[in-house]
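Just so it is clear: chains get the letters A, B, ... in the order the sequence lines come, proteins before strands, and each one is counted from 1.
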Number of protein chains: 2
Amino acid sequence: MFSWIIVLNLEKLSFLTTKKTAQELHGEDFIYNLSYDSVIFGFNGKLLKILILEYHNTGLFALPGGFVKRNESLEDAVKRGVKERTGLEHIYLEQFHTFGSLTRSNPSAMKRILEENDYDVKRNEWLLDRFITVAYYALINYDKVSPKPDSLSDSINWYAIDELPSLMMDHEQIVEKALQVLRDNLEKKLVGMNLLPSKFTMKQLQKVYEAILGEELRRTTFQRRILGMNILERHEKLFQGRAHKAPYLYSFKSNNINKSQEQKITT
Amino acid sequence: MFSWIIVLNLEKLSFLTTKKTAQELHGEDFIYNLSYDSVIFGFNGKLLKILILEYHNTGLFALPGGFVKRNESLEDAVKRGVKERTGLEHIYLEQFHTFGSLTRSNPSAMKRILEENDYDVKRNEWLLDRFITVAYYALINYDKVSPKPDSLSDSINWYAIDELPSLMMDHEQIVEKALQVLRDNLEKKLVGMNLLPSKFTMKQLQKVYEAILGEELRRTTFQRRILGMNILERHEKLFQGRAHKAPYLYSFKSNNINKSQEQKITT
DNA sequence: TATTATTGTAACAAACTGAGACAATAATTA
DNA sequence: TAATTATTGTCTCAGTTTGTTACAATAATA
């Protein structure tokens with residue numbers, strides 16, 4: 001009992017010292033040379049956005065990422081990281097590529113980040129080594145999130161995908177690849193389900209598709225095609241107080257919930 | 001000059017000692033906890049096959065895999081491994097998934113493999129740790145390869161995809177996923193180019209598609225669709241000495257060679 | 001010279017897609 | 001209360017793609 005209290009006090013004290021060795025960065029807890037990065041997509045009704053964090057006093061922007069503990073699975077590590085940043089659990093996650101070039105790491109930028117955050121560089125030297133990173137994208141409901149910066153970064157914000165700041169290392173390539181794969185998967189998986197509230201209008205759904213594809217779609221063709229898939233359930237009308245016919249609300253049929261991760265059966 | 005000779009002699013001698021510490025397994029040369037595995041597809045004219053190796057005296061079958069050197073890129077590591085096993089350079093390679101569950105590694109099987117091959121287990125202890133593996137598939141011309149086993153395995157052989165032996169660890173799941181992704185990519189990439197000789201008949205191409213999809217296709221529809229893509233060049237007829245009309249030989253148009261890795265432009 | 005098996009292509013129907021038209025309708029305005 | 005406005009849901013028609021069947025061409029064999 002007593003030892004518990006001491007440990008807690010020590011942890012609290014460590015935040016007050018000049019040289020931090022934050023518990024979550026202790027090298028022996030993690031697998032070396034391996035990281036993950038996440039491209040967290042959200043949709044604000046008009047634009048597709050992703051979460052970007054900025055490190056303290058460095059002007060460096062990066063994707064939310066992290067490391068894999070020795071006793072946790074790769075996927076659990078990513079879930080843990082996304083949950084820390086978004087507060088969300090049970091998130092739609094899709095692994096899309098692993099980046100392993102020799103040139104992708106940037107020890108001097110990492111050193112600067114550690115120094116600016118008062119971490120002891122020597123005790124965290126494993127962070128300056130080369131990293132191979134497994135990249136995931138997440139699709140989340142924009143409105144349900146209030147993003148939280150981690151201990152190294154002082155802000156985490158939504159950026160529209162065509163208004164990103166310049167990102168460190170190869171993170172711009174990672175975003176580019178995430179978008180490619182998301183576009184490919186748009187026809188195969190029920191992407192909209194994860195980016196919209198549970199009830200939505202046909203127009204909202206179309207806007208999601210347009211934001212992802214980066215092009216406009218024909219309204220009548222889109223509506224016919226989506227309804228033809230037989231994956232939507234029609235609900236009551238939505239009266240928006242506008243001077244025109246009210247649209248119906250739709251939801252994805254419940255038997256499709258598990259299919260959001262699966263492949264669409266093409267007839 | 002002299003020191004060179006000594007070094008070479010020591011290396012040769014090491015093969016004669018009971019406890020080997022093969023140069024290619026020295027732990028300090030490699031990134032820990034990270035491996036790659038390759039699903040190498042070939043087509044023998046009828047069946048889609050993959051290369052499986054069998055470890056000495058263990059009855060354990062596995063995918064050809066390996067480790068990433070500290071100073072080489074992930075992709076170079078895979079190329080090196082595939083070249084060692086097949087002798088082929090400039091291979092069509094596609095990364096498809098990274099497997100990182102906690103349960104996928106099997107230290108006792110690895111220990112057995114090391115012991116049966118007279119490796120010093122203690123000096124290679126890093127091999128008994130957990131591994132996260134990046135999986136690639138390769139498409140190669142079946143006839144141009146005479147597979148070579150590596151130092152740990154005593155055979156490497158082609159197996160039809162529906163007649164595989166039971167594989168160690170999660171390698172069966174890896175093969176399953178490779179097939180899924182290959183099937184998805186069949187419509188998007190020029191897969192046939194890499195599995196067939198440079199000149200082939202329409203029937204051969206159709207057989208490749210059928211072997212990958214695992215279903216029969218309608219001859220006339222297939223022919224019309226492929227010719228409609230405008231990616232094939234027609235050459236002389238092939239006289240097979242059979243009592244019927246001789247088929248034309250085709251090749252992929254040379255301006256498509258770079259497109260074999262790219263996405264097909266859907267009209 | 002007739003037969004056989006396979007190939008290349010055409011013909012037609014069915015299904016799907018692009019583009020436009022139009023009636024229905026919720027709120028506003030006259 | 002009735003006309004107006006903007007958007008929605010659906011229909012039509014033409015153009016394209018796909019499934020199916022048919023058939024002529026043809027290399028070797030009987």
Side-chain angles (χ1 to χ4, degrees), chain A residues 45-46 183-184 186-188 192 196-197 199-253 264-267, chain B residues 45-46 183-184 186-188 190 192 196-197 199-253 263-267:
Chain A
K46 292 199 165 185
R183 282 175 185 152
D184 280 5
L186 188 54
E187 301 301 308
K188 291 187 275 190
L196 290 172
K199 286 186 183 179
F200 48 87
T201 66
M202 191 58 72
K203 182 161 211 165
Q204 282 178 288
L205 185 60
Q206 186 178 339
K207 288 282 177 198
V208 171
Y209 274 68
E210 290 177 338
I212 291 172
L213 294 174
E215 61 179 316
E216 301 201 340
L217 300 173
R218 267 157 289 273
R219 184 181 64 91
T220 54
T221 312
F222 178 79
Q223 186 144 343
R224 180 176 51 192
R225 203 164 57 88
I226 296 286
L227 289 177
M229 287 180 190
N230 208 32
I231 52 172
L232 295 188
E233 207 161 346
R234 180 179 283 184
H235 301 279
E236 73 280 7
K237 288 187 175 184
L238 173 66
F239 299 96
Q240 295 157 302
R242 317 274 312 287
H244 54 73
K245 186 170 176 179
Y248 287 105
L249 283 169
Y250 298 89
S251 68
F252 288 95
K253 281 184 183 166
K264 203 196 79 190
I265 297 105
T266 41
T267 46
Chain B
K46 293 200 165 184
R183 280 174 186 154
D184 279 4
L186 187 55
E187 302 300 309
K188 292 188 274 191
L190 301 175
L196 288 173
K199 287 185 182 178
F200 48 86
T201 66
M202 189 61 71
K203 181 159 212 167
Q204 281 179 288
L205 185 59
Q206 185 178 340
K207 288 281 178 198
V208 170
Y209 274 68
E210 290 177 339
I212 291 172
L213 293 174
E215 60 179 317
E216 301 202 341
L217 300 173
R218 268 159 289 273
R219 184 180 64 91
T220 55
T221 311
F222 179 79
Q223 185 144 345
R224 179 176 52 193
R225 202 165 59 90
I226 296 286
L227 290 177
M229 288 179 188
N230 207 33
I231 52 172
L232 294 188
E233 206 162 343
R234 179 179 284 183
H235 300 279
E236 73 280 5
K237 289 187 173 182
L238 172 67
F239 300 96
Q240 295 158 300
R242 316 272 313 282
H244 55 74
K245 188 171 175 178
Y248 287 104
L249 284 168
Y250 298 89
S251 69
F252 288 96
K253 281 184 184 167
Q263 196 130 359
K264 203 195 78 187
I265 298 104
T266 42
T267 47

Please give me the minimum heavy-atom distance between [X] and [Y], naming the atom from each residue.
X: B:Lys253; Y: B:Leu232; answer: CE-O, 3.5 Å
X: B:Arg234; Y: B:Tyr250; answer: NH2-OH, 3.2 Å
X: B:Leu205; Y: B:Gly192; answer: CD1-CA, 4.2 Å

Which of the following nucleotides, [options], is nearest to the side chain of [X]?
X: B:Ala246; options: D:dA27, D:dT10, D:dT18; result: D:dA27
X: A:Thr221; options: D:dG9, C:dA26, C:dG18; result: C:dG18
X: B:Pro247; options: D:dT26, D:dT18, C:dG8; result: C:dG8
X: A:Lys203; options: D:dT12, D:dT8, C:dA21; result: D:dT8
X: A:Phe239; options: C:dA26, C:dT7, D:dT18; result: C:dA26

Quiz item: Would one find a side-chain N or O of B:Arg234 under 4.0 angstrom from OP1 or OP2 of C:dT7?
Solution: no
Practice problem: Please check the phosphate of C:dA19 (OP1 and OP2 only) for any side-chain N or O of A:Arg218 closer than 4.0 Å. | Solution: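 Yes, A:Arg218 has a side-chain N/O under 4.0 Å of OP1/OP2 on C:dA19.
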[X] has an atom [atom1]; how far is it from atom [atom2] of [N], in whole Å?
X: A:Leu227; N: C:dC16; atom1: CG; atom2: C1'; result: 15 Å
X: B:Lys237; N: D:dA25; atom1: NZ; atom2: P; result: 12 Å
X: B:Leu217; N: D:dT18; atom1: CG; atom2: P; result: 13 Å
X: B:Phe222; N: C:dT9; atom1: CZ; atom2: P; result: 15 Å
X: A:Tyr248; N: D:dT10; atom1: OH; atom2: C1'; result: 11 Å
X: B:Gln206; N: C:dG8; atom1: CD; atom2: P; result: 11 Å
X: B:His235; N: C:dG8; atom1: NE2; atom2: C1'; result: 17 Å
X: B:Arg242; N: D:dA30; atom1: CZ; atom2: P; result: 13 Å

Quiz item: A:Arg224 or B:Leu249: which one's nearest nucleotide on DNA chain C is closer to the 5' end?
Solution: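 In this pair, the answer is B:Leu249.
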Quiz item: Starting at the 5' end of DNA chain C and moving along, which residue's nearest nucleotide shows up first, A:Thr220 or B:Met202?
Solution: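 This one resolves to B:Met202.
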Quiz prompt | base_contact_polar (C:dT7 base, B:Lys245 side chain, donor-acceptor, <3.5 Å) | solution = yes
Exercise. Would you kindly check whether a donor in the side chain of B:Arg219 faces an acceptor in the base of C:dG8, or vice versa, at under 3.5 angstrom?
Key: yes
Quiz item: Under 4.5 Å between any side-chain heavy atoms of A:Leu227 and A:Met202, yes or no?
Solution: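 Heavy-atom side-chain distance check passes, below 4.5 Å.
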Quiz prompt | Salt-bridge contact A:Arg183-A:Glu215 (side-chain N to carboxylate O under 4.0 Å) | solution =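 No, no charged N to carboxylate O under 4.0 Å.
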